[in-house]
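The structure appears below as structure tokens.
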Amino acid sequence: MTSLAFFSLLYSVSVLTLTDSSLSSITTEAPPAASKCTLLNSFQPGFEVQGDYVIGGIFPLHFNLKMPDVNGTYRPPPINCNGHRLYPRAFRWAQTMRLAVEEINQNPVLLPNHTLGYKIFDSCRYPLTGQRAVLSMLNGVNEENASMCTNSSSLLAVIGASASALSVVLSRILQPFRIPMISYFSSCSCLSDRRKYPTFFRVIPSDDYQVKAFAQLLVHFNWTWVGLLRENNDYGRFAAKGLLRELEETKVCLAYQEMIPLPYNRQAGLRIMKVMRSSTAKVVVVFAGEGQMTPFLRDYMTQNISGIQWVASEALVTASVFSGREYYPYLGGTIGFGIKKGHISRLGDFLQTVNPKRYPDNVLVHELWESLYGCSPFPSSVTQMPPCSGQETLLEQHLAYMNTSSPRVAYNVYKAVYAIAQSLHNLLLCQPGRGPFQNNSCAQSNNIHPWQLQHYLQELNFQIAGEEVDFDAKGDSVPYYDIINWQRGPQGNIEFVNVGLFDGTKAVGEELLIQEDGIMWAGHQSEVPVSVCSASCLSGFRKAVRRGEPICCFDCVPCDSGKISNQTNSVDCTICPEDFWSNNNRTACISKKVEYLTFDSLGIALTVMSVVGACFTLAVCGVFFCHRHTAIVRVNNSELSFFILFALTLCFLCSLLFIGKPTYWSCMLRHTAFSITFSLCISCILGKTLVVLAAFTATRPGHNIMKWLGPKQQRTIISSCTLVQVVICAAWLIDVPPFPSRNTQYEHSKIILECSVGSSLAFWCVLGYIGLQACLCFVLAFLARKLPGNFNEAKFITFSMLIFCAVWLAFIPAYISSPGNYADAVESFAILASSFGLLFCLFAPKSYIILLKPEKNTKQHLMGKEKK
């Protein structure tokens, strides 16, 4: 790259910065000629070491800026990063880079006969100062030794930056020069886009994996109603977007999503805290670094908000700045995903060597002492701090700086430096004619281009302390996180305890491993906190989403009859199979109760009535048989009377066929037996009616009708009328016979075993024929009711037919409307009622005379010729 090209870029950056009303370290005066490229301002590195190959390092050694006065009347001075105290944690990261370079230069195997140099700059975690830092790295020779921009820098790679938003800016600046950049703490998924950031690598997993881990963690603990707090930058925006994408396939909903303003505004912060206090969500997911969270938590602690379970991202969960005991009541129990920890054996001893005596001219070391001890190692009129005694030593209690027991971000820095050194080592091992570049060439060791180093970075695969280090096609590293829990230490301070891990290389569903027994939750509780919009629906209920609210907010509605839910939070109730029904709690399907007319109270009552009716009939038959030679028996045609009594006995007994479990044979028998026996009975009564009518009519002159109604003719009439019914029943049984069926429609909770009539037409034809016989009998008996004689049987036949017809007319609506086994009971009761009606109406008067009034059992009395 030529000096002119570089100056054009530098000048364009300065013009863009001033156009945005920002501060710049470059003047707006017209640039001199290229041969007179004079540096108007300098931006010195915090640490610098010369070497054969130089790499850069960018760290947020300060979190805030000291903004110069700008009034437009003079050239503003450069932005000063020393507005606040040094950030000890980031200073430790910078020292880790120095240690790694020192180890590599002392290693006889790695890069033998070559040395690494470095330039370490302070980004102030601000894009503008980050731009100045990376442009100063590219600026060629040391600004102190020359004032001319004579050539390009020998910079091969950059370690940085920490914040994702800053890495976006710096990567775009380095991209035209094809200088690879390895970040140790920028996790934004946006940086995985190789089209926009082709030279970007990182040793920290992408947030694409972290949001998957967050989603699995929320689902694991059944936190379905959570709040989201994020930074107002690319890191927070892309992390929130990724988390929402992952949560779409789960049952987790966001109660709210708030952004911490940048720069921080107390009024906006208090508004966020008001939302947190009023929300029913007790779990808050945080995508923010300690720089943004520090002022926010300072106000949060004054609002006396409690009961919040924090779930922190990697940018916050290992921030030692919050490990003080004053933070535990508010942040204790925090859980989150931290960068995988490593081990750097010499780091603790190396940090001990950094002191003002060894680096008397280094401003950053002075600020470190001021930050840790509150004193100035070299008092001046500028500082208001008391002088240090010179006896200060770095102790373990200075966790922000001396925490080397489980380095995480520092270990990432360590890996990044070794990744560059290993790639450079592989590049130097290239054999001519077998190289990866044009014509199988290798890079020249005295003129290595950054893009050549990037090729070897992309192909890199090595191990450090047993851990494999490589980069995928997007420049990302292996997705691995430790699960960190903030617990109270012996001194009341916060300790970061490892309680699990997330391994993105495992199969889906096996990535998350949590030691739940070792977790201490918010409020120093051992039970997992609950954060739901609606309590879980128990078995037997289903979720009904509230209109206009997220799916996590719902009401629990009991399952309908015939449906169950046997697990919590069921969306729908399951319909039971046809032969099953839900229990009372709607939690299980049980076999439906099978009902039919059994020998229970109703069945026993019908059985007793049937047997009693049959016994009465047999008793009457016995009485008639014993007195068969008496007048009343002989006058009333004893043969037909015995036929009627026989038929009535069968009618009483056929009602028993309607009791018990329906079978194929019982269904066919019950209807046909009932119809044929009743048809026989009515045919006999019809024959008797005709005989009575003919007997009284025959006494009139000119009538000799009795010769047509002799015993043979009577049997023929009875047989013919009954045969018609037999033919109808035979056709019924041949065509569509009755059959047992399972009725599940009338009452869904039961299975009603009943006899289906098969053919409704045949069934009603059978009843219709019996009704026709009864009506004909009734009409004839009604016509003979006023015939002479003391014992005109036509009157009793009329009355019996009247009862018979009334019973069966009432039967029709009762049968149709009766459910299940009650239909059989109605039909059985109709048979018994009509049979009792016929028995008592036809034979009670005769039996009364035979047994109680034998003096009337004479022909003279019956004919009305008894002497008075």
Side-chain angles (χ1 to χ4, degrees), residues 89 162-164 185-189 204-221 223 226-231 235-236 238-240 242-243 246-247 252 254 257-258 260 276 281-294 296-297 300 308-323 327-328 330-341 403 406-409 411-412 479-488 494-504 511-516 518-523 525 528-529 531:
R89 189 186 182 202
S162 61
S164 296
F185 209 19
S186 298
S187 59
C188 179
S189 59
I204 182 175
S206 167
D207 277 340
D208 274 342
Y209 297 102
Q210 184 172 205
V211 294
K212 290 180 180 179
F214 268 112
Q216 291 190 24
L217 183 73
L218 297 176
V219 171
H220 178 81
F221 289 114
W223 292 331
V226 300
L228 177 60
L229 189 63
R230 67 174 180 86
E231 295 181 356
Y235 168 70
F238 278 90
L243 181 62
E246 292 296 325
L247 295 182
V252 181
L254 289 187
Q257 180 181 170
E258 297 291 339
I260 301 176
M276 294 174 63
K282 298 303 179 184
V283 172
V284 179
V285 179
V286 183
F287 285 104
E290 55 196 292
Q292 281 71 36
M293 288 298 291
T294 298
F296 177 83
L297 289 175
Y300 176 84
I308 296 296
Q309 173 63 51
W310 297 93
V311 181
S313 66
E314 94 294 340
L316 179 66
V317 77
T318 57
S320 54
V321 68
F322 300 123
S323 60
Y327 290 102
Y328 185 80
Y330 307 96
L331 301 179
T334 295
I335 193 171
F337 296 95
I339 303 167
K340 183 180 180 182
K341 68 178 180 180
N403 184 13
S406 56
R408 299 181 187 274
V409 182
Y411 186 60
N412 278 354
Y480 190 101
Y481 297 96
D482 288 334
I483 302 177
I484 309 299
N485 183 222
W486 291 15
Q487 300 183 10
R488 177 182 290 170
I494 292 178
E495 292 185 352
F496 304 142
V497 181
N498 195 333
V499 293
L501 58 89
F502 178 87
D503 189 351
E511 303 100 325
L512 198 65
L513 180 62
I514 304 177
Q515 302 169 2
E516 294 189 33
I519 299 177
M520 186 60 64
W521 301 105
Q525 300 295 317
V528 179
S531 185

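Counting begins at 1 with the first residue of the sequence.
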Taking only residues two or more places apart in sequence or in another chain, which ones pass side-chain hydrogen bond (donor to acceptor under 3.5 Å, both in side chains) with [X]?
X: Gln257; result: Arg230
X: Ser531; result: none
X: Tyr330; result: none
X: Gln309; result: none

[Y] and [X], any side-chain heavy atoms less than 4.5 Å apart:
X: Ile514; Y: Ile519; result: yes
X: Ile484; Y: Arg408; result: yes
X: Ile483; Y: Leu512; result: yes

Could you tabulate the donor-acceptor pairs under 3.5 Å formed by side-chain atoms of residues 494-504, not counting sequence neighbours?
from	atom 1	to	atom 2	distance (Å)
Asn498	OD1	Gly500	N	3.2
Asp503	OD1	Thr505	N	3.1
Asp503	OD1	Thr505	OG1	2.6
Asp503	OD2	Thr505	OG1	3.3

Checklist entry - Run the side chain to side chain contact (heavy atoms under 4.5 Å, CB included) check on Val311 and Val286 step by step: do they pass? => result CA-CA 6 Å; Val311 181; Val286 183; over 6 Å; no
First locate atom [atom1] of [X], then atom [atom2] of [Y], and finally report the distance between them rounded to the nearest 0.5 Å.
X: Leu218; Y: Leu243; atom1: CG; atom2: CG; result: 6.5 Å
X: Leu297; Y: Ile260; atom1: CG; atom2: CD1; result: 7.5 Å
X: Ser162; Y: Asn412; atom1: OG; atom2: CG; result: 12.0 Å

Next on the checklist: Going by salt bridge (Lys or Arg N to Asp or Glu O under 4.0 Å), name the residues that satisfy it together with Glu511, two or more places apart in sequence or in a different chain.
Outcome noted: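 None.
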Checklist entry - Mind checking what makes salt bridge (Lys or Arg N to Asp or Glu O under 4.0 Å) contact with Glu314, not counting sequence neighbours? => result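 Partners of Glu314 under the salt bridge (Lys or Arg N to Asp or Glu O under 4.0 Å) test: none.
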Item to check | Residues Ser187, Asp207; criterion side-chain hydrogen bond (donor to acceptor under 3.5 Å, both in side chains); working and verdict | outcome: CA-CA 5 Å; Ser187 59; Asp207 277 340; 2.9 Å; yes
Checklist entry - Can you check side chain to side chain contact (heavy atoms under 4.5 Å, CB included) on Leu229 and Glu258, steps first, answer last? => result CA-CA 5 Å; Leu229 189 63; Glu258 297 291 339; 4.0 Å; yes
Item to check | Asn485 and Trp521: CA distance, side-chain angles, deciding distance, side chain to side chain contact (heavy atoms under 4.5 Å, CB included) verdict | outcome: CA-CA 8 Å; Asn485 183 222; Trp521 301 105; 5.5 Å; no
Those residues that, when tested against [X], pass ring-ring contact (aromatic ring centres under 6.0 Å, His included) (two or more places apart):
X: Phe296; value: none
X: Phe287; value: Phe214
X: Tyr411; value: none
X: Trp310; value: Tyr300

Checklist entry - With sequence neighbours left out, what residues match Ser186 under side-chain contact (heavy atoms from CB on, under 4.5 Å)? => result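 Testing Ser186 for side-chain contact (heavy atoms from CB on, under 4.5 Å), a comparison that skips the adjacent residues, returns Ser164, Ser167, Ser183, Leu191, Phe200.
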If you take all heavy atoms of [X] and [Y], which pair is closest and at what distance?
X: Ala315; Y: Phe185; value: CA-CZ, 3.7 Å
X: His220; Y: Glu516; value: NE2-OE2, 2.7 Å
X: Ile335; Y: Val317; value: C-CG2, 4.4 Å
X: Ala213; Y: Phe337; value: O-CZ, 3.3 Å
X: Tyr481; Y: Ser206; value: OH-O, 3.2 Å
X: Ser313; Y: Tyr235; value: OG-OH, 2.8 Å

Donor-acceptor pair, distance only, cut-off 3.5 Å: does the side chain of [X] make one with the backbone of [Y]?
X: Asp208; Y: Gly242; result: no
X: Gln487; Y: Gly518; result: yes
X: Trp486; Y: Ser323; result: no
X: Asp482; Y: Lys341; result: yes

Checklist entry - Taking it one step at a time, do Glu290 and Arg89 satisfy side chain to side chain contact (heavy atoms under 4.5 Å, CB included)? => result CA-CA 11 Å; Glu290 55 196 292; Arg89 189 186 182 202; 2.2 Å; yes
